[in-house]
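Working notes for the structure below.
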Amino acid sequence: MNPFDLTGRVAMVTGANTGLGQSLAIALARAGADIVTVARRDAGETAAAVEAAGRRCLQLTADLSKMDGLPGLVADTLAHFGQLDILVNNAGIIRRADAVDFTEADWDDVIDTNLKSVFFLSQAAARHMLERRSGKIINIASMLSFQGGIRVPSYTASKSGVAGLTKLLANEWAGKGINVNAIAPGYFATNNTEALRADENRNRDILARIPAGRWGEPDDLGGAAVFLASRAADYVQGHILAVDGGWLAR
Ligand code: NAP
């Protein structure tokens, strides 16, 4: 028996149309899981890759900054697949401005999408998972779950919050069959980091600090997600797994 095999599991991935979410969905499909993509725009490219891996894909549309649609995502998944085994809370946004100029809208938008919806979608999924005493929840944290960052106050607050929430939910649900863990990506080349990579000085400083000597590519993250979603991680709880090319070790 391959402890990393996800055959017969159903995994929901938020923000699965692009970037890390797309890569995570495809990695879980290649490990055997059927996939539910949650995105506010078309996730057809991801669905095609999931189906090319021989798995089924259900595409759901939602604006994750609004809480009222979250329970419906779980209900639609259950109506289609009859179960939900894995939830990857990946969708997230970032806003950059000096703290002294930061607006309330940039605070609320980021906190709602990156933190509030992570909690309420996890809650909706857990109501199903607790009944079955089985489930894996994987939150996408950040280096700013550990560090302060600069010019991203709501993002740092949200990702530090995700780390705390991961531990709280693990404390409540570990004895009830649900594993809650997080992956903290280092610096990955996606839309989220476009502004950093476009800034010559920031790009140079970041690269100089990464022991691996390069930005992460979305495919670098899949193995960690497959592990945390699998039986191999049954006794792993409340952990924040850095996949960062060594950034935090520096
Ligand atoms: P990305 O390419 O910008 O992808 C973000 C995803 O979240 C997109 O699918 C986006 O949809 C979706 N999303 C944002 N707001 C949404 C909303 N209100 N409703 C539904 N979907 C929404 O960035 P990424 O780098 O892949 O980010 C994925 C996760 O990794 C985020 O939580 C991010 O904070 C985290 N992360 C990234 C890095 C990095 O270096 N890239 C490092 C640490 C953590 P649209 O395409 O419609 O915008």
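For ligands, and for the atoms within them, numbers begin at 1 and follow the listed sequence.
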Give the atom numbers and elements of ligand 1 that come within less than 4.0 Å of a heavy atom of [X].
| X | result |
| --- | --- |
| R41 | 45 (P), 46 (O), 47 (O), 48 (O) |
| P185 | 42 (C), 43 (C), 44 (C) |
| A62 | 19 (N), 20 (C) |
| G19 | 2 (O), 26 (O) |
| T193 | 39 (C), 40 (O), 41 (N) |
| N191 | 2 (O), 3 (O) |
| Y155 | 33 (C), 34 (O), 35 (C), 36 (N), 43 (C), 44 (C) |

Considering only heavy atoms, does [X] approach ligand 1 within less than 4.0 Å through its side chain, its backbone, both, or neither?
| X | result |
| --- | --- |
| N192 | both |
| Q22 | neither |
| Y187 | backbone |

Subject >> T193, N203, D220 screened by side chain to side chain donor-acceptor pair (under 3.5 Å) with W215, the one that passes >> reply: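 Going through T193, N203, D220 one by one, the side chain to side chain donor-acceptor pair (under 3.5 Å) with W215 is satisfied by N203 alone.
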Original post:
Is the closest heavy atom of G186 to ligand 1 under 4.0 Å?
Top reply: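 It does; at least one heavy atom falls under 4.0 Å.
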Subject >> Lys/Arg N to Asp/Glu carboxylate O, D63 vs R40, below 4.0 Å >> reply: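 Salt bridge flag = no for R40 with D63.
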Original post:
Any idea which protein heavy atom is nearest atom 26 (O) of ligand 1, and the distance to it?
Top reply: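 Of every protein heavy atom, L20 N, 2.8 Å lies nearest to atom 26 (O) of ligand 1.
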**OP:** Among all protein heavy atoms, pick out the one at the shortest distance from atom 18 (N) of ligand 1; state its residue, atom name and that distance to 0.1 Å.
**Re:**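 The closest heavy atom on the protein side is D63 OD1, 2.9 Å.
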Could you pull out every donor-acceptor pair under 3.5 Å between side chains of residues 123-132 and any protein atom, sequence neighbours left out?
unit_1, atom_1, unit_2, atom_2, d
H128, NE2, L84, N, 3.1
R132, NH1, D85, OD1, 3.1
R132, NH2, D85, OD1, 3.4

Subject >> Any N or O of G21 closer than 3.5 Å to N or O of ligand 1 >> reply: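 No, G21 has no N/O under 3.5 Å of an N/O on ligand 1.
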Extract all donor-acceptor atom pairs below 3.5 Å that involve side chains of residues 162-173 and protein atoms in other chains or at least two apart in sequence.
unit_1, atom_1, unit_2, atom_2, d
T166, OG1, N139, ND2, 3.0
T166, OG1, V162, O, 2.6
N171, ND2, K167, O, 3.3

**OP:** Would you tell me whether T37 and Q59 have side-chain atoms, one donor and one acceptor, within less than 3.5 Å of each other?
**Re:**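 Not at all, the side chains of T37 and Q59 share no donor-acceptor pair under 3.5 Å.
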